[in-house]
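Side-chain atoms are counted along with the backbone in the values below, which use heavy atoms only and exclude waters and symmetry mates. Note that this is a predicted model, so its numbers are computed, not measured. Lettering of chains follows the sequences in order, A, B, ..., and the numbering in each one begins at 1.
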Amino acid sequence: MGLRLHNTLTRAAEPFEPQDPERVGIYGCGPTIYGHAHIGNFRTFLFYDLVHRYLEWKGYGVHFVMNFTDVDDKTIRAAREAGVGIGEFTEPFAEAVLEEADALGMARFDLYPRATAYVDGMIELVQTLLDRKLAYVTEDGSVFFDISAFPGYGKLSGKDLEQVRTGERVSGDDYGKDDVRDFALWKAVKPEDEEVGAAWDAPWGRGRPGWHLECSVMGLREVGTTLDLHLGGEDLIFPHHEDEIAQSEGATGHPFARCWLHVKHLRVEGSKMSKSLGNFITVRELLDEGVSRAAIRHQLLSAQYRRELNFSRAGLEASEKAVARLVDFRDRLRRRPVEEVEMDEAQDSTEGQPSSGGPLARAAARAREGFETAMDDDLNISGALGAVFTFVNEANAHLDRERGVAAAERDAALALVASVDRVLGLVELADRERGVDPEVEAWVQERIEARAQARRDRDWSRADAIRDELSSRGIVLEDGPDGTRWKRVTTASPGA
RNA sequence: GGCGCCGUGGCCAAGUGGUAAGGCAGAGGACUGCAAAUCCUUUAUCCCCGGUUCGAAUCCGGGCGGCGCCUCCA
């Protein structure tokens, strides 16, 4: 059973068949960097991370490009207000996005192109479209794409051209269009563009590229003529991606992308996120609050990408606990002493059966299969997580029942956790968060020793006082037959 | 008006024909000095009404309810 993905273009699940499995070409639409990215942006970006990691987990070679849009109306306006050029204005936000991506455990993509570095290519593409009579220059020196000359227009969004509202809202910007539905490839220069360095010379006149054009050029140049996957938020289906298809295919004569995946928008505390509702949350804010990064990652990944997902504080707490359960399980396996025992089950294991071995190894094999089956079904991460936690339950029960465990059994269980975490990235991130410096570690050990003495003296109030002291510093103790263990806990809602 | 999505236990959420995964929360129990972690037990008329079928949360029809996109917002 192979991976199947829901292609927006055909509105159906299709087998994933890249042109070259050694180099799957993927382009994901990135943020416009005129401000800090919000939590909704990161639902999409974490989905990109999931696609990236899962394809590599499946054995594909992946070439993944995510752009930064560093020139558009809003960017120009914001740069003017700040009194700096667009390059100087946007670069800190690009770096912030990368920092936040790291903080949320995203594996780095191969390339993060900035639109302004590709203007020469954009001019070339526009020229090609003009030569092919798919675009026209208006009196002011702007260039528009003539959608009536491109028969496939509307195929991605399923729009009937006659139905697209030929609206009343014709702004000054659009003056000169043959048809209001035509979209800008090149916008003639305005004084404010010059002010912030957002203007380039082109054969038909000085100006700046249209938004849609940027992604076409970066995708074509950095990924290839035909992308295996093109990813983005659902809002981009129309017009952004529709226009990318028209430009790219109009110029190259080849399909721009074989498969399009679109992520449903995130809701926040039950409402659509918007600045006016005051529920506009940036990742930066959450990180500054000290909210558990693994919890944020878990919540944003926990629902399948085409399902509605509601980001909430309550959900963050549930995510925090879920991650802890997984990490605690891994830690429990690690410290479980192994026994030099023969596995009875190994005797009657069938040749070539990967599910052979003891109960733990067999449960791990089932979990792996369940995980992959769910992920293969259009990246159904909820089902995949279900398979993992079912395994955690089974294995914990087994560990409770048995005194010791064979090394091969323990290793099979640990390998399962490590394997799925190469896709999920949750344990990895939690480990980074739980890390403590040696000084703190020494202090904790000293406190634990003091408490152990108090317990030997049966001085329970003193023992509890020490435990509370540690607890207030985010250190949780667990007494067991082999002594006291401790762990650092993160928190989902530090304010609460 | 056009296109589309969703409605499963207190909350979140899998499951698309054979009588309900998983996470969080709650209750009882085991373990513990008390906890924590873990385990055991426990909590579902699958929005409503019809229909198809031996059999439907799952298919069809009709309602009700929530939501998204329809020109630059991931």
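Under 3.5 Å, the side chain of A/Lys264 and the base of B/rC67 form no donor-acceptor pair of N or O atoms. Not a single donor-acceptor pair, N or O on each side, falls under 3.5 Å between the base of B/rA74 and the side chain of A/Arg43.
When the nucleotides B/rC72, B/rG23, B/rA74 are ranked by their closest atom to the side chain of A/Asn393, B/rG23 comes out on top. In this structure, the nucleotide among B/rG33, B/rG15, B/rA37 sitting nearest to the side chain of A/Asp328 is B/rA37. Ranking B/rG22, B/rA36, B/rG68 by closeness to the A/Lys272 side chain, first place goes to B/rG68. For A/Cys29, the listed nucleotide lying nearest its side chain is B/rA74; candidates were B/rC73, B/rA74, B/rC40. Nearest to the side-chain atoms of A/Arg11 among the listed nucleotides B/rC73, B/rG4, B/rA74 stands B/rG4. Checking B/rU38, B/rG2, B/rA74 against every side-chain atom of A/Leu266, the shortest atom distance belongs to B/rA74.
As rounded to the nearest Å, B/rC49 and B/rC64 have C1' atoms that lie 10 Å from one another. Taking atom C1' on both B/rU52 and B/rU71, the two are 45 Å apart, rounded to the nearest angstrom.
B/rG61 is paired with B/rC49 under the criterion used here, namely a Watson-Crick or G-U wobble arrangement in which both key atom distances are under 3.5 Å. A 3.5 Å limit on both hydrogen-bonding distances identifies B/rG68 as the Watson-Crick or G-U partner of B/rC3. With a cut-off of 3.5 Å on both Watson-Crick or G-U wobble distances, the partner of B/rA21 is given as none. Pairing of B/rG55, defined by two Watson-Crick or G-U wobble distances under 3.5 Å, is not identified with any nucleotide. Judged by Watson-Crick or G-U wobble contacts below 3.5 Å, the nucleotide B/rC39 has B/rG29 as its partner.
Using a 4.0 Å heavy-atom criterion, one finds that A/His240 contacts no nucleic acid atom at all. Within the 4.0 angstrom heavy-atom criterion, base atoms lie near A/Leu477. In this structure, A/Arg451 reaches the bases: a heavy-atom distance under 4.0 Å links it to at least one base atom across the strands shown. Across all strands, A/Asn310 comes closer than 4.0 Å to no nucleic acid atom at all (heavy-atom distances). Counting non-hydrogen atoms under 4.0 angstrom, A/Gly232 reaches the backbone sugars and phosphates but no base. Across all strands, A/Ala314 comes closer than 4.0 Å to no nucleic acid atom at all (heavy-atom distances). As judged by a 4.0 angstrom heavy-atom cut-off over every strand, A/Arg306 is placed among residues making no nucleic acid contact. A/Ser382 comes within 4.0 angstrom of a nucleotide base, judged by non-hydrogen atoms across all strands.
For the pair A/Lys321 and B/rA25, the criterion of a side-chain N or O lying under 4.0 Å from OP1 or OP2 is met. Taking only side-chain nitrogens and oxygens, A/Arg325 never comes nearer than 4.0 Å to OP1 or OP2 of B/rA37. Proximity of A/Arg307 to the phosphate of B/rA14: a side-chain N or O atom is located under 4.0 Å from OP1 or OP2. When the side-chain nitrogen and oxygen atoms of A/Asn396 are compared with OP1 and OP2 of B/rC39, one or more of them lie within a distance under 4.0 Å. OP1 or OP2 of B/rA37 has not a single side-chain nitrogen or oxygen of A/Arg336 nearer than 4.0 Å.
Just one residue in the list A/Leu309, A/Asn41, A/Ile281 forms a side-chain contact (heavy atoms from CB on, under 4.5 Å) with A/Leu266, and that residue is A/Leu309. The only member of A/Arg335, A/Arg485, A/Arg434 that meets salt bridge (charged side-chain N to carboxylate O under 4.0 Å, His left out) when paired with A/Asp328 is A/Arg434. When each of A/Phe47, A/Phe109, A/Tyr27 is checked for a ring pair (Phe, Tyr, Trp, His ring centres under 6.0 Å) with A/His52, only A/Phe109 meets the rule.
Salt bridge annotation for A/Arg330-A/Asp421: absent, with no cationic side-chain nitrogen under 4.0 angstrom from a carboxylate oxygen. Salt-bridge formation is detected for the pair A/Glu469/A/Arg447: a Lys NZ or Arg NE/NH1/NH2 atom is positioned less than 4.0 Å from an Asp or Glu carboxylate oxygen.
In this structure, A/Asp457 atom CG and B/rG33 atom C1' are separated by 13 Å, rounded to whole Å. Between A/Glu234 atom CD and B/rA74 atom P the separation is 12 Å, expressed in whole Å.
Summary of the strand contacts: A/Thr390 and A/Ser157 both lie near RNA chain B, and taking for each the nucleotide with the nearest heavy atom, the more 5' one is attributed to A/Ser157. The nearest heavy atom of RNA chain B to A/Asp464 and to A/Met273 marks one nucleotide each, and the one closer to the 5' end goes with A/Asp464.
Note: A/Trp211 and A/His240 have parallel aromatic rings, judged against thresholds of 30 and 60 degrees for the angle between ring planes.
In this structure, A/Phe389 does not count as stacked on the base of B/rG22 under the 5.5 Å centre distance and 30° plane angle limits. Stacking between A/His38 and B/rA74 is absent: the aromatic ring centre is not both under 5.5 angstrom from the base six-membered ring centre and within 30 degrees in plane angle.
For the residue pair A/Thr490 / A/Glu320, a side-chain donor-acceptor distance below 3.5 Å is found, with atom types taken as modelled.
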